[in-house]
Amino acid sequence: MEYNFREIEKKWQQSWKENKTYSVTNESTRPKCYVLDMFPYPSGAGLHVGHPLGYIASDIYSRYKRLKGFNVLHPMGFDSFGLPAEQYAIETGQHPADTTEKNISTFKSQLDKIGFCYDWDREVRTSDPKYYKWTQWLFLQLFNSYFCNTQQKARPIADLIKKYETSGNKDFTAEQWNNFSKKEQEDILMQRRLAFSSFGEVNWCEALGTVLANDEVVNGVSERGGFPVVKKKMRQWYLRITAYADRLLQGLETVNFSDAMKEMQRNWIGKSEGAEMEFAIAKSDDGQPATDGPLSVKVYTTRPDTIFGVDFLVLAPEHELVNQITTADQRASVDEYLTYVKSRSDRERMAEVKQVTGCFTGAYAINPFDETKKIPVWIAEYVLAGYGTGAIMAVPCGDQRDYGFARHFNISITNIIGDFYNGEEANPTKEATLENSGFLTGLLMKDAIGVAIDKIEELGIGKRKKNYRMRDAGFSRQRYWGEPFPIKWIDGVAVPLEENELPLELPHVEKYGPGPEGEGPLANIPEWTAQHYETSTMPGYAGSSWYFLRYMDPQNDATFCDRKASDYWNQVDVYIGGTEHAVGHLLYSRMWTKVMYDLGLIGFDEPFKKLVNQGMIQGVSAFANVIGFNFGTNLMAKLNEEQQVKINKIKSKFKNPEAINFYISEDLMKYVRITHNFPTTEEEKNHMEFQDKIYTILLKQVADEISKNELEEILAVHPINNYYKVHVPIEYVNYKDELDEEKLKKENSRFSDAEFLTMNGIFICSREVEKMSKSKFNTINPDELCDKYGADTFRMYEMFLGPVEMSKPWDTKGIEGVHRFLRKLWRLFFDELKGKVWTDEKATDAELKVLHKTIKKIDSDTEQFSYNTAVSAFMISVNELADLKCHKKEVLEQLLILITPYAPHIAEELWDALGNEGSVLDAAYPAFEAKYLVEATKEYPVSVNGKLRTSINIATDAEEPAVREMVLANEVVQKWLEGKEPKKIIFVKGKMVNVVI
RNA sequence: GCCCAUGUGGCGGAAUUGGUAGACGCAGCAGACUCAAAAUCUGCCGUUCGCAAGGGCGUGAAGGUUCGAUUCCUUUCGUGGGCACCA
């Protein structure tokens, strides 16, 4: 009877489904454990082997915890709203709901093949009205709340209204408030709501017809599609995540995330502490006041200790004061500079970081601590309008950017740090003692910071201030396929829908194009606009910010998640996913959780107790070389139009690697790349001869093309000018990097007319490890591997590749080893010819030792997510049991329980074959007993001067004097001693012996 | 530029955290079984000197601490990721 994994896996997957083996209840006396995978977006491309890595890890952990007696929640669902489905809808006209449905079912069938233990009854989809009803409801909770700065938490906006009605605030009295119009009141409240609407500069992407979040813009272009992005003022919804900046930082101390992950979040929040202070603007040089009244510039600085080193101020070009302070003399230059800045796209401003530009405004400011010092005020694009106050005080001796600016524009530099400043570059130290610094002179800089701020506050010219790099999160998309906002706009006021009006369902549309003025597609529906509904929809992270709660109580129509359920399941114990969500999703869901906690909706304020980041599985791409040509044309003036068209056609054909259908085998490339100008040796001569031959072949096709067009006289071809590589689908390349040309040409239209130049008939591809993706033609489909080797083999092999958190390249060859291991395990129970070989005999000490060694190792490795070493331990265990010819049920049965999380199908089958009732998942996890591992003696390694020379068998309870005697008596040790006395003998009990000579 | 990872055989990776470097697997080589193949089993498998016994070298590189360093410290190089005129 052989290991028929296909039958076994089908059978048990069926059985699990029918018996609802993975169904989880919210009532249990067992301790709870919540294991969650990051919400997948059901893309049309399906799974490749990189995707299930994290799912397998979480599945192993879930099954392990269940065996250990926990009530384990391990759900799966789909983040099914999103841009790609809509993009696809625009391209193909199919409704996103239909394509999403189709994608999800493909996705689910792929997952089921791998044998995951999800409770599918708890599946959620963000695009399901039953789900997004509660996303809308939670949005309204955010809308109806504000952040109370005194209590540092969210409170109902009604509390704030009551306060305004009875005591007003610093800007208005209660009476004034009560006399404000409805619109005026709402505008004021809007400034405090956690979900609020405002006009703001947003990243507008014409091509996508939508506004993008900061983290969706990469280098000035959209992350998806790479389309240009420009600033545009629009009405947008935002989440006031900045209010939670401090708590998001503090919360990091309480969660078990990797340091790298925490650091990324800290960077993103970008907290800095410093001071805001005013610099008065002086009258200008020519005696003319630059302005009519007293003006001042507010700057933000983290280094108020350097106040006496300020040599100039810089305002952002967009700063509102620029116009007022510019003197008549400088007006023209400033205007010119402003025009220049406007002409520069964000992209350019980012690309040319090193270039120093700026313009003097003509105005001077006065240093509040040294009124004799006139400080020129400049504008420069390196100061950003959106950060801090949009103005800085420049200290060239301490800040490299300021230093560069001062040098470039010949501004004199004040040194306040003595020898720490060498005159050639700025020194940003905080350890220097201040000089030339008035009341701060003699203080250590880091101590002076606090002193300076105190003084600034005392004089009333500024105040201590925290600053954050993080901005409020843009929360609307001018898109169709997302949650509609439960908001109506009436007379310019955002009016929330009542709870009983939810869900506000997404209407059906025929077209997905943008509406007028960059509005979303919903603006094209008369029935929608007639109701004055908001026309934008929520972004992808709306639904995914709280989904982990819905799994706890997925069917509930009365509330988003019953408090009893969320109190029971509480935080996610282990959250597994990639680092790509480090700052987006994780920060948003942490914020939502804190708001829900503040409002008393749930009982915890961090969603994820522990985070495990899975590494990427990379693909090994294959490439074919392509070479481009340079052309020279003569007599261009004499050419007629027809000839010019022909020439351009040929030029573009042989310059564009996509168009050249002529590929060169890797082993030929050295002849193309390396040229010996004066070949001397025989080898070099042969090389050049060979190069000539290749050139002849390469140039022939170009020459043919030229003569076909009768351009011989006109067009000259220069040899090779450019090397390109083109991806070749990896299924046509074998492990020796040889390409199956024939098959490729037959099956892939892109290569049907291709020509392959080879050395001796075999085309060799080059290889490179890169991200696994469809576009790189290097994906491996898990379905095929499951078909060929079985899900159990596939699961164990993915884990065997290396630590879960590490990225590593995929190599299909190695899977054989794991498959052999499972067959070897099978043979401990069944022989191909004899059938059943397991027995009820009593296990020997040696066999029990193997078992308990394995129990110990597997238990600790599984708990620590060290799955690669656990798989090794199983292999060692099975190897040893096979060597011992152990077929005893007493041992094997325990081993089966251990392996259940890793290879659930074979474990169930053999468990069943041994005559057990019920699922192996309900068995008791084996208990480790140390007594089986106790040894009487140990083979001690013996080193001389730290170098291993021999080993001696010594009783484990032997003490130093006895060991010393044995070691000195050893002949190998004696040989190294050469009759001398050892200086020292180091004995570490249970470890080793070292003799020092 | 700054921050965080990471570097070990032909390859993926182990090493109980300062104590026998290379477990386990892949690939490779040799052999057994077989008419043959597959499957399975046995042995070898970092490098170098040596017939062997045995020795030298070896965890990106160079130093240091230590009886002893893949592990700790300093400097440096490569790779990957994150952030970036952030005041």
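Every value quoted in this text rests on a predicted model; they were computed, and no experiment measured them. Reminder, nothing fancy here: chain letters follow the sequence lines and each chain counts from 1.
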Who pairs with U70(B) - Watson-Crick or G-U, where each distance is under 3.5 Å: none
Out of C4(B), G19(B), C85(B), whichever nucleotide has its closest atom nearest the side chain of Y382(A): C85(B)
Watson-Crick/G-U partner (both atom distances under 3.5 Å) of A53(B): none
Sugar-phosphate only, base, or nothing, as touched by W810(A) at under 4.0 Å among non-hydrogen atoms: nothing
Nucleotide A87(B), atom C1' - distance to CD1 of I449(A) in whole Å: 13 Å
Interatomic spacing from CG in D792(A) to CZ in F821(A) - rounded to 0.5 Å: 10.0 Å
Partner nucleotide of A5(B) by Watson-Crick or wobble geometry (both distances under 3.5 Å): U79(B)
Pairwise P distance, G19(B) and A69(B) [rounded to whole Å]: 11 Å
Touch class at under 4.0 angstrom, heavy-atom based, for N994(A) against every strand present: base
Per Y387(A) side chain, nearest of listed nucleotides A87(B), C3(B), G25(B): A87(B)
Interatomic distance, M806(A) CE vs G13(B) C1' [rounded to whole Å]: 10 Å
Atom pair distance, as rounded to whole Å: CG in L384(A) and C1' in C85(B): 7 Å
Nearest-Å distance for atom pair NZ/P, residues K947(A) and G54(B): 17 Å
Given RNA chain B, 5'-ward residue of the pair A391(A) and V993(A), judged by closest heavy atom: V993(A)
Aromatic ring proximity, centroids under 6.0 angstrom, F405(A) and F312(A): yes
Distance in angstrom units between L801(A) CG and G13(B) P, rounded: 8 Å
Interatomic distance where CD1 belongs to I985(A) and C1' belongs to G68(B) [whole Å]: 15 Å
Sugar-phosphate, base or nothing in reach of K771(A), heavy atoms under 4.0 Å: nothing
Distance between C1' atoms of A14(B) and C77(B) (Å, rounded): 26 Å
Candidates V972(A), V973(A), V995(A) - the one meeting side chain to side chain contact (heavy atoms under 4.5 Å, CB included) with R949(A): V972(A)
Side chain of T869(A) - closest among C85(B), U16(B), A14(B): A14(B)
Euclidean distance for P, U16(B) against A21(B) (whole angstrom): 13 Å
Euclidean distance for P, U42(B) against U47(B) (whole angstrom): 23 Å
Proximal nucleotide (of C67(B), C24(B), U20(B)) relative to the V996(A) side chain: C67(B)
Proximal nucleotide (of G19(B), C57(B), A14(B)) relative to the N868(A) side chain: A14(B)
Per P803(A) side chain, nearest of listed nucleotides C24(B), A14(B), A87(B): A14(B)
Any N879(A) side-chain N or O less than 4.0 Å from OP1/OP2 of G25(B): yes
Who pairs with C85(B) - Watson-Crick or G-U, where each distance is under 3.5 Å: none
Atom C1', compared across C45(B) and C24(B): separation rounded to whole Å: 15 Å
Ion pair check, D246(A) and K271(A), cut-off under 4.0 Å: yes
Atom-pair distance (CG on N734(A); P on A27(B)), nearest Å: 15 Å
Proximity to the side chain of R823(A) - top-ranked nucleotide from U40(B), A27(B), U20(B): U40(B)
Sugar-phosphate, base or nothing in reach of M992(A), heavy atoms under 4.0 Å: base
Base orientation of G60(B), syn vs anti, 90° cut from 0: anti
Distance in Å, T854(A) OG1 paired with F928(A) CZ, rounded so as to fall on 0.5 Å steps: 10.5 Å
Pair R303(A) + D399(A): basic N to acidic O under 4.0 Å: no
5'-most by nearest nucleotide on RNA chain B - S872(A) or R401(A): S872(A)
Options A21(B), G19(B), A14(B), nucleotide nearest the side-chain atoms of L948(A): A21(B)
Nucleotide paired to A30(B) in any strand shown, Watson-Crick or G-U, under 3.5 Å: U42(B)
Base orientation of U40(B), syn vs anti, 90° cut from 0: anti
Rounded distance in Å between the C1' positions of U8(B) and A61(B): 15 Å
Separation of the C1' atoms in A27(B) and G10(B), to the nearest angstrom: 8 Å
Steps toward side chain to side chain donor-acceptor pair (under 3.5 Å) verdict (D402(A), Y382(A)): CA-CA 10 Å; D402(A) 296 346; Y382(A) 83 87; 2.9 Å; yes
Ring centers of Y337(A), Y340(A) separated by less than 6.0 Å: yes
Nearest-angstrom distance, P atom, A84(B) to U75(B): 27 Å
Pairing of E960(A) and K989(A) as salt bridge, 4.0 angstrom limit: no
Closest nucleotide among G82(B), U40(B), C24(B) to the R827(A) side chain: U40(B)
Y300(A) side-chain N/O to A87(B) phosphate OP1/OP2 under 4.0 Å: no
Under 4.0 angstrom between N945(A) side-chain N/O and G68(B) OP1 or OP2: no
Atom-pair distance (CE on M875(A); P on G12(B)), nearest Å: 17 Å
Paired nucleotide for G18(B) [Watson-Crick or G-U wobble; both distances under 3.5 Å]: none
Selected nucleotide, minimal atom distance to R949(A) side chain, candidates U20(B), G55(B), C83(B): G55(B)
C26(B) OP1/OP2 closer than 4.0 Å to side-chain N/O of R820(A): yes
